[in-house]
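Please read the structure below before turning to the comments.
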Amino acid sequence: MRIYASGLRKLLRRPATWVTLGLLCGLMVLIFVAVGASANRIESTNGGAAIKELLTFPGAYDRLLEFLLGLGGLFAVIYAASVAGSEWNWGMLKAAVARGESRTAYAWLSFAAVATLIALGLLVAFAIGVVAAVIGANLAGISTSGIGDAATIGQFPYEFARGWLGIIEEGALGFTIATLARSQLAGIGAGIGLYFAESFARIFLSSVVKFLPFDAATALVGGGTSGISVGGGGAGASVETLDPGTALVVVIAWLVVALIVVSLFTERAEISG
Amino acid sequence: MAVTAPADGLALATRGLRKSYGSRLALDGLDLTVPTGIVYGFLGPNGAGKTTTMRLLAGLIHPDGGTIQLLGSPFGRRDRHRLFDVGALIESPSFYPFLSGRQNLRELAATGAPVPIRRVDELLELVGLNGRDDDKVSGYSLGMKQRLGIAAALLSDPKLLLLDEPANGLDPAGIVAMRDMLRNLASTGKTVFVSSHLLGEVQQMVDMVGIIAAGRLVKEGTIDSLLAGEGLVRARVMPDQVPAAVEALSTLVERARIDTPADEPGWLVVQIAADRAADVSRTLATASIYVAGLESGNDLESLFLALTRTARTDGGEGSIGSRAAAPKTGPNWPAGGAPR
Ligand SMILES: Nc1ncnc2c1ncn2[C@@H]1O[C@H](COP(=O)(O)OP(=O)(O)O)[C@@H](O)[C@H]1O
Ligand SMILES: [Mg+2]
């Protein structure tokens, strides 16, 4: 518990936390406000309908979530890898182990703190995103009357829980890779590499790739529907995805496997850097 | 600097400790015996295996063979709780650069043994960082980080303190302050195990030294006993009197302890306590051999060099050079009067 609370304090003071959240929110605000501001000029062209859909509540909530959870996954990989890798780079795991701390407890509770912060970050980013979408809608002259839609809002806890689970599974992967690489940079690099490799392979091998961690997480996040695919590029109709139920099981399995690998590796590691 | 009797137990002991990194042998059967309540200087040239030993003692790596006794009981993979009573600063101090010195100590205290929060203030004061304690560590100088590292090692008020080359980066005042602090700790019954590749750095504060080279212990004992056992007296006689002089001195010490360096005709090197130079002179005079020159030395630094040079098997990472085993100059060891 001490380690978990300490982990939260450390993350809150960590510049990377605020840079990551700032980037995520900044991109979201940029897109929704910019789209809203340019809506009048594009309205006559064929993009008009899409913009209307993006900025009209309650549908805007879904678009917002899809965007947030899609980009959030990639950010989670980078963020968690940077946290895990820096424990090795800065010798902090060394310091904790030499004090008699349990290696597994330290690694797992550090990850728990990351997962907690991801949840908080999602909520904050979502709130900011809603404000951005309202501003965008106003700029585009679209009514925001659907903003209080009870059915959609009632789904939020459920969607958030699923989205969070998917994202922390992606984060756990980054965390594991950085632990195996014992390095911040290598972890981030390999994490991003895998993320894009998987979305590339999906085009050819979707029957297999759909079980891989990032695809399963995407299926969980999107609830099986095709959302905004970040980095996916070729997410076409022919691409297979898991149904939400299976995706949930697969995502939890990957999360557990990642944490076990972290534990095994950390316990056995020779800390001689 | 009397050594407390080992009867009250050993703070630390290793037997036949072996460790390789891949194909590189770092420790080759290390036997250390560290009594409780002393400052123990763990000396050796670069690459001798000091840091490796420290890592093993702190549970960061695990031995390929041999045993470790920590604070009176065996220390193995499942005994991490034993480290609650051990404080360590190994290689370089580690901190979060984005946290202040105080915050770093606070977060470190969240691991291992519980630490009362006011301990952080005491330690910042002790290592002279109060005033800079709320600055980010990324803005600290090397010496300030080192001080914070020492504070971190002391966090749990450990019974055994492992310090790996703690003087690195400290200014002279910092080194003096550290010596004071470590002596104080030992006087309260704690054990300090401190490594260095410079004998002079620790000579004034240690009760006992262990000298390691190429992963093996080559000498262990109190400074006094090392000096007594390893003192050298050099006497110069007429070159044609050398055989007779060797004969005469054989009554004083074993023949094997008398050397006649070929490159220095007329010189005799006798392994005998440095304060017995007069005995050497008198013995020779009794045989009607009068010395033209007499030097005595117990320069530990030379002894250290000689011991570690001969024991080296590979190049390691720093070559010690080829200084002669015997000191050519008189005693120049800055004894006693140094600041405490
Ligand atoms: N992490 C490591 N990987 C490979 N070899 C190492 C590692 N650490 C130390 N060594 C080797 O082990 C030997 C002992 O090193 P070390 O314990 O660091 O010596 P010291 O601290 O006395 O300078 C050296 O030959 C060194 O090159
Ligand atoms: Mg070293």
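Here is the naming used below: chain letters follow the sequence lines, and residue numbers restart at 1 for every chain. Computation of the quantities below employed the complete heavy-atom set of this structure, encompassing side-chain atoms and omitting hydrogens, waters and symmetry-equivalent molecules.
- Applying the salt bridge (Lys or Arg N to Asp or Glu O under 4.0 Å) test to B/Arg102 and every residue at least two apart in sequence or in another chain returns B/Asp121, B/Asp133, B/Asp134.
- Residue contact with chain B, scored on non-hydrogen atoms closer than 4.5 Å, is absent for A/Ser86.
- Of all residues in residues 91-100 of chain A, those placing a non-hydrogen atom less than 4.5 angstrom from a non-hydrogen atom of chain B are A/Gly91, A/Met92, A/Lys94, A/Ala95, A/Ala96, A/Val97, A/Ala98, A/Arg99, A/Gly100.
- To the nearest 0.5 angstrom, A/Glu101 atom CD is 8.5 Å from A/Tyr106 atom OH.
- With ring centers used as reference points, B/Phe95 lies 6.0 Å or more from B/Tyr140.
- The most heavy-atom pairs under 4.5 Å with chain A, out of B/Leu155, B/Leu89, B/Thr52, B/Leu83, come from B/Leu83.
- Contacts between residues 5-25 of chain A and chain B, defined by a heavy-atom separation under 4.5 Å, are made by A/Ser6, A/Arg9, A/Lys10, A/Arg13, A/Arg14, A/Pro15.
- Rounding to the nearest 0.5 Å gives a distance of 9.0 Å between CG of A/Leu69 and CG of A/Leu64.
- B/Arg55 has a carboxylate O that lies under 4.0 Å from a charged side-chain N of B/Glu91, or vice versa, which qualifies the two as a salt bridge.
- Heavy atoms of B/Pro114 lying under 4.5 Å from chain A belong to its backbone as well as its side chain.
- Highest contact tally toward chain A, considering only B/Gly149, B/Ser156, B/Ala152, is held by B/Ser156 [criterion: heavy-atom pairs under 4.5 Å].
- Using a 4.5 Å cut-off between heavy atoms, B/Leu108 contacts chain A through both its backbone and its side chain.
- Chain A forms the most heavy-atom pairs under 4.5 Å with one residue out of B/Arg82, B/Arg77, B/His81, B/Lys19, and that residue is B/Lys19.
- When heavy atoms are compared at a cutoff of 4.5 Å, B/Lys136 does not approach chain A at all.
- Listed by first and then second residue, the salt bridge (charged side-chain N to carboxylate O under 4.0 Å, His left out) pairs that reach into residues 157-168 of chain B are B/Lys50-B/Glu165, B/Asp85-B/Lys159, B/Arg119-B/Asp157, B/Asp157-B/Lys190, sequence neighbours excluded.
- Put simply, of B/Val86, B/Leu162, B/Leu60, the one with the most heavy-atom pairs under 4.5 Å next to chain A is B/Leu60.
- Looking at A/Glu87, only its side chain comes within 4.5 Å of chain B, counting heavy atoms on both sides.
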